[in-house]
Amino acid sequence: MNTLAIIVLGQNSVPLARRIMTALPNAILYGLAERTCDVDISFTNFGSTLRELFTSGTPIIGICAAGILIRTLAPVLSDKRLEPPLLAVAEDGSAVVPLLGGLQGVNDLARQIAAVLEVQAAVTTTGDLRFQTALLSPPSGYHLANPEDAKGFISELLAGATVKMLGNASWLSQSKLSFEPDGELTIRITEEQVQVSPDCLVYHPKTLAIGVSNVAGVNSDEAIAFIHRLLSHAELSVASVAGVFALEKDAVEPVVDAIANAFNVRSRFFSFGGVGRGGFNTDNMWVEPNMISNPPSQCEDVALAATGAGGRLLVQERLESGIAVAIAVAPDLIDTSAIGRARGRLFIVGTGPGGAHWMSPEVKQIISEATDLIGYSFYLDLAGPLRPGQQRHEFDNREEAARAKMALDLAAVGRTVAVVSSGDPGIYAMAAAVFEVIDRNPQPGWYSIDIQVAPGISALQAASARIGAPIGHDFCTISLSDILKPWSIIEQRIIAAAQADLVIAFYNPASKQRTWQLTAARDLILKYRSPHTPVVVARNVGRPGESVIVRSLSELSIEDVDMRTILLVGSTKTRIVKHPRGVWVYTPRQYR
Ligand code: SAH
């Protein structure tokens, strides 16, 4: 997941930033706090924010003067091989200037942005201009094996040296480089591990497919070491590995993704078609990659299915502990996203209680990358507009199990699904619902799904932050909804919490149908706490129509609350601090 940061220093740059973001769906908009609103992340310190993003390798697009960016980053410029792309875009959109990160594709990024703004990118890199190609940052799918030789190599080219090409790559043959059969310099495209030298640039194309089978219970470290040995014996470059391929039934085995992670590539799966080895047809596989032959040649078949028509088997070996590995080479780059199916991913995310400013960058990224968003329509609206190709599945707020099941079924066929809750997804929300569905009615296909919960700020924290520090000491949360649990249990918990002198956060205090529970809860607590106990009544925190007021416990009434309200009932230690513009509420951490 590669995020980019777009930085704006004033509100008038926000529309331009949004225009750029139409071409860069992974971009996150950073705005200077006092001067911008409606941004994804507000910052107060420009220098430290910029330096932090830069040193963490995040590509940065500053809608500001180039000089500000350079001066701010000057202290952290050290190794140009590690520098992420840095660009300045003029506030009126008239200029796009790539500044740093030539080795990480800054010129391509500048051209991409310039295309949206309908201007010319101010590319100044001579090699890039003269040859219409960035030899130092090849397009994705190619790895330059000897970047240390590239600078001298390009200088010689610029000085007029002739060059020949061994192997083939369209980005080179379509560039302005003119290749001659007996050129002095060489550009070599190969999956083989070959000697590099200052007069030979070597690019490894992602053309190797690793097919694995017999993976049940296999030790990951052993398997990875085995594959490294196979590649090395066959003199094949690790950089040319495009993906790890296996049968659908093996998707549950952890070793498959352990291998994919070790080679920094994706895993893809083919479903078992039961076609005999003789009937295996790689031509068909390419178009319809779901029919695989029977054992004992499964690893070979998956590898060849991945390389498609024209693929060749290079290696097939089996480790004693079981795993069988085949390595096949494709005549062209392997586009893993088009072969077999991906491991399904299910993200259960919390968008925070309000708008984008309270949503974590991780959640924003997941939402931007998901193929399917599932949730209650109100929460999906909070998650923001869809990008092209994303599907939105709306549900009624009550249909939790159906929502969870749909999410699992979609992920099981290889989609990237985000189940969206407000606040934190683990607090009275969808995370528990998903695990409950899996626990009660497990389906074999669900076990291959990667499930990840991405936390969010809960209403409790947001309400507390607005009024001071009412949950500064021990507290608990109780949902007042008796739809999923009986009132007798709620009652018991309220009494226990009141006796324990915990601050109590009440979620779901009332709805149109549930109107008496709040008064009942208040009366129970009044048996243990003073009628003057402060209660924070926080409604729509972080959203339009926000209100946060403080009542005394005895005054609390159903008129104060609805289903978008959270209550924080103080303990005996909770205090109100009056100040000229209102009150703070806090619970001290010290017991004296
Ligand atoms: N997962 C959510 C809670 C869902 S239960 C979270 O972590 O916040 C729904 C209840 O949460 C609502 O009835 C209300 O009590 C509370 N709530 C959610 N968002 C809120 C907000 N913005 N302001 C006040 N209360 C909120």
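Each ligand, and each atom within it, is numbered from 1 in the order the structure gives. Computed from a predicted structure; not experimentally measured.
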>> Among L567, L568, V569, which residue satisfies the side chain to side chain contact (heavy atoms under 4.5 Å, CB included) criterion with V537?
In response: L567
> Does any donor atom in the side chain of S479 or S481 lie under 3.5 Å from an acceptor atom in the other side chain?
Replying inline: no
> With Y507, which residues qualify under ring-ring contact (aromatic ring centres under 6.0 Å, His included), at least two apart?
Replying inline: Y428
> Who passes ring-ring contact (aromatic ring centres under 6.0 Å, His included) against F395, sequence neighbours left out?
Replying inline: none
> Measuring from each atom of ligand 1, which residues have a heavy atom under 4.0 Å away?
Replying inline: P353, S422, G423, D424, I427, Y428, A429, S458, A459, Y507, N508, P509, A538, N540, V541, R543, M563, R564, T565, I566
>> Show every salt bridge (charged side-chain N to carboxylate O under 4.0 Å, His left out) that has at least one partner inside residues 402-416, sequence neighbours left out.
In response: D372-R415, K405-D409
>> Taking R392 first and then D381, would you say they form a salt bridge - that is, a charged N and a carboxylate O separated by under 4.0 Å?
In response: yes
